[in-house]
Number of protein chains: 2
Amino acid sequence: MNIGEAASASGITAKMIRYYESVDLIPPAGRTEAGYRTYDGRDVGTLRFIRRARDFGMPMDRVKLLVGLWQDKDRPSREVKAVALRQVAELEAKIAELTAMKDALAELAGACRGDNRPDCPILRDLADVSSTASHPGAVLRAGMRGQRFVGNGPA
Amino acid sequence: MNIGEAASASGITAKMIRYYESVDLIPPAGRTEAGYRTYDGRDVGTLRFIRRARDFGMPMDRVKLLVGLWQDKDRPSREVKAVALRQVAELEAKIAELTAMKDALAELAGACRGDNRPDCPILRDLADVSSTASHPGAVLRAGMRGQRFVGNGPA
DNA sequence: ATGGGGCTTCCCACCATGGGAAGGTCAACC
DNA sequence: GGTTGACCTTCCCATGGTGGGAAGCCCCAT
């Protein structure tokens with residue numbers, strides 16, 4: 001199998017397969033004499049596994065960890081569960097943040113008439129010197145440095 | 001006011017203030033003879049406004065738009081509200097995605113005993129060839145290309 | 001033998017942010 | 001007046017995953 005076939009079989013672009021190889025998420029593929037990468041069914045299985053893990057919003061580190069556990073037939077399920085629960089906890093934290101943002105902003109928007117007059121509580125709030133501490137992002141800025149792990153939606 | 005003072009007064013790092021200037025989110029600051037940037041109370045107000053808008057998870061584009069509306073005293077509040085509601089809608093979409101991920105993963109984790117035995121439904125699911133379509137990320141991958149706008153939590 | 005589609009590597013861009021180096025400036029203190 | 005240390009300047013680099021694209025090689029079918 002060439003990389004293109006492996007890509008369509010696994011749902012991961014050829015570009016990303018090469019990238020995963022370059023960051024040691026997957027071992028270097030075999031090569032033909034001409035230098036083309038070759039893949040077999042097992043490789044596609046691994047790629048699919050990776051795609052699924054990414055679908056749960058996991059960062060590469062976590063995926064790598066999980067692939068390792070998957071390939072170790074004697075892992076205790078305890079370890080796998082711990083990884084999964086960490087991910088769940090981070091997702092929950094992110095959801096809570098976004099919800100706080102959303103609620104605060106929706107409330108402001110609800111208070112805005114949305115007509116032709118310029119007067120607007122949304123802008124008033126954003127410009128307001130006094131309400132600094134109670135804003136959703138204050139917490140965010142304080143507590144969530146470098147969480148990444150959600151970003152764009154895996155693509 | 002030097003950039004450092006403006007930074008602590010506004011809650012935006014000096015580094016980011018320079019960056020915002022470089023991408024034309026804010027106009028170039030005045031300079032002393034020695035080349036130091038200078039800021040006044042109005043500038044700090046603008047920076048604070050920007051920080052608040054970012055706290056709602058808005059991407060730079062949206063913030064820029066909002067700053068423009070803020071500075072135009074004759075804007076119709078309709079336009080401001082529309083921007084806010086777009087942001088709310090995107091936050092809701094993101095929340096829905098993350099919730100789908102979280103629920104699916106939590107369910108799997110719930111089915112895993114988490115003991116010393118290797119058997120684990122989480123890994124079984126990730127490796128499962130058949131369940132491709134029903135996974136949370138399938139939707140994600142299909143529908144959310146290039147949404148960005150949440151990323152790390154503004155920092 | 002020629003064309004088109006695949007493969008290779010390498011570089012660039014995104015977005016918002018932080019880190020750090022190399023060098024200039026300012027203010028305070030002795 | 002000189003030294004010190006805190007601040008400022010610009011410039012480059014890294015992050016994380018992903019896409020885009022160029023330049024060049026390879027393979028197969030016509």
Side-chain angles (χ1 to χ4, degrees), chain A residues 1-26 28-39 47 50-51 53-64 90 137 140-142 144-155, chain B residues 1-26 28-39 47 50-51 53-64 90 137 140-142 144-155:
Chain A
M1 238 191 293
N2 280 341
I3 198 171
E5 284 175 275
S8 48
S10 66
I12 295 186
T13 63
K15 210 107 199 196
M16 289 315 299
I17 295 175
R18 292 192 200 100
Y19 172 72
Y20 289 162
E21 182 181 320
S22 82
V23 296
D24 293 312
L25 177 58
I26 52 177
R31 299 281 185 145
T32 65
E33 284 188 13
Y36 282 25
R37 287 175 182 79
T38 57
Y39 299 89
L47 288 170
I50 290 169
R51 180 168 60 67
R54 298 276 309 143
D55 286 349
F56 285 117
M58 297 189 191
M60 305 285 294
D61 300 28
R62 193 106 80 204
V63 174
K64 199 182 288 196
E90 286 175 16
L140 231 175
R141 270 197 316 285
M144 289 298 295
R145 268 150 238 262
Q147 289 297 327
R148 202 197 45 73
F149 90 78
V150 166
N152 304 357
Chain B
M1 237 191 295
N2 280 341
I3 198 171
E5 285 175 275
S8 47
S10 67
I12 295 186
T13 62
K15 211 112 198 192
M16 290 315 298
I17 295 175
R18 292 192 199 101
Y19 171 71
Y20 289 162
E21 182 182 321
S22 82
V23 297
D24 293 311
L25 177 58
I26 53 177
R31 298 281 186 146
T32 66
E33 284 188 12
Y36 283 25
R37 288 176 181 79
T38 58
Y39 299 88
L47 289 169
I50 290 169
R51 181 169 60 67
R54 297 277 309 142
D55 286 349
F56 284 118
M58 296 189 191
M60 304 287 294
D61 300 30
R62 193 106 80 204
V63 174
K64 200 181 288 197
E90 286 174 17
L140 231 174
R141 269 197 317 284
M144 290 297 297
R145 268 153 239 260
Q147 288 298 328
R148 200 194 47 71
F149 93 78
V150 167
N152 304 356

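Keep in mind that the numbers below use all heavy atoms, side chains included, and drop hydrogens, waters and symmetry copies. Chain naming here is simple, since letters A, B, ... match the order of the sequence lines and numbering starts at 1 in each.
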Sugar-phosphate or base contact per nucleotide [nucleotides 21-30 of chain D; S, B, -; heavy atom under 4.0 Å]: B----BS---
Rounded distance (Å) that lies between atom P of C:dA16 and atom CG of B:L47: 16 Å
Where B:V23 and B:M60 come nearest, the two heavy atoms and their spacing: CG2-CE, 4.2 Å
For atom CD1 of B:I17 and atom P of D:dC8, their distance in whole Å: 10 Å
Gap between atoms CE and P, on B:M60 and C:dC15 respectively (whole Å): 10 Å
Residues which pass side chain to side chain donor-acceptor pair (under 3.5 Å) with A:E21, listed by chain and number, not counting sequence neighbours: A:R37
Nucleotide nearest B:R31 when distance is taken to its side chain, options C:dA16, C:dT9, D:dT9: D:dT9
Nucleotide nearest B:R18 (side chain, heavy atoms from C-beta), chosen from D:dG19, D:dT18, D:dT9: D:dT9
Could you give the side-chain donor-acceptor pairs of residues 7-20 of chain B under 3.5 Å, partners two or more places apart or in another chain?
from, atom 1, to, atom 2, distance (Å)
B:S8, OG, B:G4, O, 3.3
B:S8, OG, B:E5, O, 3.3
B:S10, OG, B:A6, O, 2.8
B:S10, OG, B:A7, O, 3.3
B:S10, OG, B:I12, N, 3.2
B:T13, OG1, B:M16, N, 3.1

Whole-Å distance separating the CG atom of B:D61 from the P atom of C:dC14: 12 Å
Whole-Å gap separating P (D:dG16) and CD (A:E90): 14 Å
d(CD, A:E21; C1', C:dT8) in whole Å: 12 Å
Distance, rounded to the nearest Å, where A:L25 contributes CG and D:dT18 contributes P: 10 Å
C:dT17 OP1/OP2 closer than 4.0 Å to side-chain N/O of B:Y20: yes
Nearest non-hydrogen partners of B:V63 and B:R54, listed with the distance: CG2-CD, 4.0 Å
Divergence of helical axes at both termini of the helix from C:dA1-D:dT30 to C:dC30-D:dG1 - five pairs an end, 10° steps: 30°
Rounded distance (Å) that lies between atom C1' of D:dG16 and atom CD1 of A:I50: 16 Å
Touch class at under 4.0 angstrom, heavy-atom based, for A:R37 against every strand present: sugar-phosphate
From CE (B:M58) to CD1 (B:I50), nearest 0.5 Å: 12.5 Å
Nearest listed nucleotide, side chain of B:T13, among D:dT18, C:dG18, C:dA16: C:dG18
